[in-house]
2 protein chains.
Amino acid sequence: MKKKPATIKEIAKKLKISPSTVSRALNDHPSIGLVTTMRVKKVAEELNYEPNQTAIFFKQRKTFTIGVILPSLSEPFFSSAISEIENVAGAQNYTVLMGQSHDDAARELQIIQTFKKHRVDGILMSLGKNTEDLSFIDLLEESEIPIVFFDCVPNIDGVNKVYSDLSSGMREAIHAFASIGHQNIALINGPENLLASTERVEAYKKALEANDLAFDDKYVVNTDLTEEGNVDAMEKLLVLSERPSAVVSFNDFVTLDVIKYARQKGLVQKKDIYFISYANYPLWNYMENPPMGSIEQYPDKQARKAAEILFANIGNKEEVKPETVVFESKLVLK
Amino acid sequence: MKKKPATIKEIAKKLKISPSTVSRALNDHPSIGLVTTMRVKKVAEELNYEPNQTAIFFKQRKTFTIGVILPSLSEPFFSSAISEIENVAGAQNYTVLMGQSHDDAARELQIIQTFKKHRVDGILMSLGKNTEDLSFIDLLEESEIPIVFFDCVPNIDGVNKVYSDLSSGMREAIHAFASIGHQNIALINGPENLLASTERVEAYKKALEANDLAFDDKYVVNTDLTEEGNVDAMEKLLVLSERPSAVVSFNDFVTLDVIKYARQKGLVQKKDIYFISYANYPLWNYMENPPMGSIEQYPDKQARKAAEILFANIGNKEEVKPETVVFESKLVLK
DNA sequence: TTGTATGCGTTATCAC
DNA sequence: GTGATAACGCATACAA
């Protein structure tokens, strides 16, 4: 059953008219008579005609495809984000190419190259945790491929970015702790070289201040985000002479590990120790003893906004001014 | 900085040789002299030449792109699957287009059309829960686009499919229950019209038999997979005069809901009632009181195998015999 | 309203 | 070894 797809030419031949007329008729060009248009469409239907998009892409220099680059789809945050991106793109008749960087800068570059080759109309990207070389941005600019960053965004001006402001959530978290009497509030932070970590620790300091609590650096520990690292970090806090009664942690994965560890050490949650973490997994709602709260970062809202900005850039031929959108993060009590 | 990408022609002009020579040189064609090749590559580098893939796609009728269609990326099972697919594809220098059906057959068709237009070299698909019209398979066959189904596969012959055999896991589950003395083992199944449900209930019956336990249909209840439906199903079991002491449930989502409900009703897990579910979320490892076990269906293994079969089909121009691969599901105790 | 001619960037088929 | 030419399928400026 090898049936090569029909082309415009064949339709033209069958109708004894010119290919251009067929092309125009199929595209509902106003200058073509209604009768002709109908006849053409009828034959097209009969021949099971389908436009060869690759030819169209080639000719029009437009692929109706956007590329999405993110660290890993196995992380719920990102699968939720890309899910929303696909929804927005689908509504615009766009298709989504995807690539996972696995937090590897080289792989990111490779994906960018591939996307460039595929002539995607635009790119959405969340940076890997270690990406430092941002020169690919200029490369894309030269090729006139718009890019919008979300969640993990570059720390420079002149680019489109959408991210969530960690400090608002942190302020709420510290306040929530303080208002029920906690004095010694710890922070289990991520790797020190991460922007996300720097932001957290600064937000943490400010939030303490705003609540008239003193900052003490023994209450800030770091984890490399492995299970072992998470446990070690918690251990460091637990051995302190004045051990903290409340902990804000880097994300829900970390929280899961440290809660488990605390439990093993015989600490009872919301009695001996309180937790608030970042990300807000749906799963907390099912746990018997969830943390006191989690700071929602709205992956879907971020992704949707980023996609919308991207499409605005794709639509307008003229340069659009780089946009920065910051969503407040929000403490959700459990 | 609008810099239109350099073309082969420009390189040719600059070197005063013909475009064909340039093309051949760039592709390391053996008939081109080493000197020329070097010179061409040098200029290409200088001009920042990048082949226009859309032109190549067009000419070669190959896009180095595969399409992946699945119900929803927010489901960990599928995000894990697509993550693995992207890994396999990336290793073959292929890119992944993705589409979510949201279990809507019309949307599935639409995505297929789009993928066809984009001339993807192949498709991986997990069917939506309600898809009944499979005629798109013939359509793809006509266009010679290979397709491999995974996880939720069509119940017909002559197609490539990879899925997990639910019965092996069910057998293990029932056996695990039986061997610690459970007599009344219930099944909370999905919607009755689903193949996945039919399979589960049949596996359930067989497994009971294999363990010398009688089948009693009051112990099989259905849920529409909403939270309410899940709770209702559990409720039905709890009001039975001889209420079950052990429950196998449709998937981890259902299990989360029913565990929560049982807890509210004062039942203590692994004492008053035992649970085993399908899917095996990583999360169980963190719960204070996880279900007794979960039946792992290996999304990554399925996805990888499906992708491999697809690439085998893409490679070989000759018809490849449709392949069916079944992985055993496996009970993982918590 | 329709047809003719041309070109998008690349590669394959000839010829030289 | 290298060059000229055609072709992939479509859209469009220009003619008629």
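Chain letters run A, B, ... following the sequence lines, proteins first and then strands; every chain starts at 1.
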Contact state string [nucleotides 11-16 of chain D, B base, S sugar-phosphate only, - no protein heavy atom under 4.0 Å]: BBB---
Interatomic distance where CG belongs to B:L15 and P belongs to D:dG1 [whole Å]: 18 Å
Ion pair check, A:K14 and A:E10, cut-off under 4.0 Å: no
Residues B:D104, B:K129: salt bridge by 4.0 Å N-O rule: no
Aromatic ring pairing B:Y94/B:F311, orientation class (parallel under 30°, perpendicular over 60°, tilted between): perpendicular
Distance, rounded to the nearest Å, where A:F57 contributes CZ and C:dG9 contributes C1': 16 Å
Electrostatic pair A:E50:B:K116 at N-O distance under 4.0 angstrom: yes
Nearest-Å distance for atom pair CD/P, residues A:E10 and D:dC8: 11 Å
All side chain to side chain contact (heavy atoms under 4.5 Å, CB included) counterparts of A:S83, not counting sequence neighbours: A:N87, B:L73, B:S74, B:Q100
A:E50 CD to D:dC8 C1', straight-line distance once rounded to whole Å: 18 Å
Estimated bend of the helix from C:dT1-D:dA16 to C:dC16-D:dG1 (axis per five terminal pairs, rounded to 10 degrees): 40°
B:R61 CZ to C:dT11 P, straight-line distance once rounded to whole Å: 15 Å
Integer-rounded Å distance: D:dG9 P and A:K13 NZ: 12 Å
Sugar-phosphate, base or nothing in reach of A:T36, heavy atoms under 4.0 Å: sugar-phosphate
Residue list, side chain to side chain contact (heavy atoms under 4.5 Å, CB included) with B:R119, at least two apart or on another chain: A:P5, A:N52, A:T54, B:T63
Whole-Å distance separating the NZ atom of A:K9 from the P atom of C:dT4: 14 Å
Results of salt bridge (charged side-chain N to carboxylate O under 4.0 Å, His left out) for B:K62 - residues two or more places apart only: B:D121
By salt bridge (charged side-chain N to carboxylate O under 4.0 Å, His left out) - contacts of B:E86 (at least two apart): A:R107
B:H118 ring center within less than 6.0 Å of A:F64 ring center: no
Value in whole Å for how far the C1' atom of C:dT11 lies from CD1 of B:I32: 13 Å
5' precedence on DNA chain D between B:V35 and B:F58 (nearest-nucleotide basis): B:V35
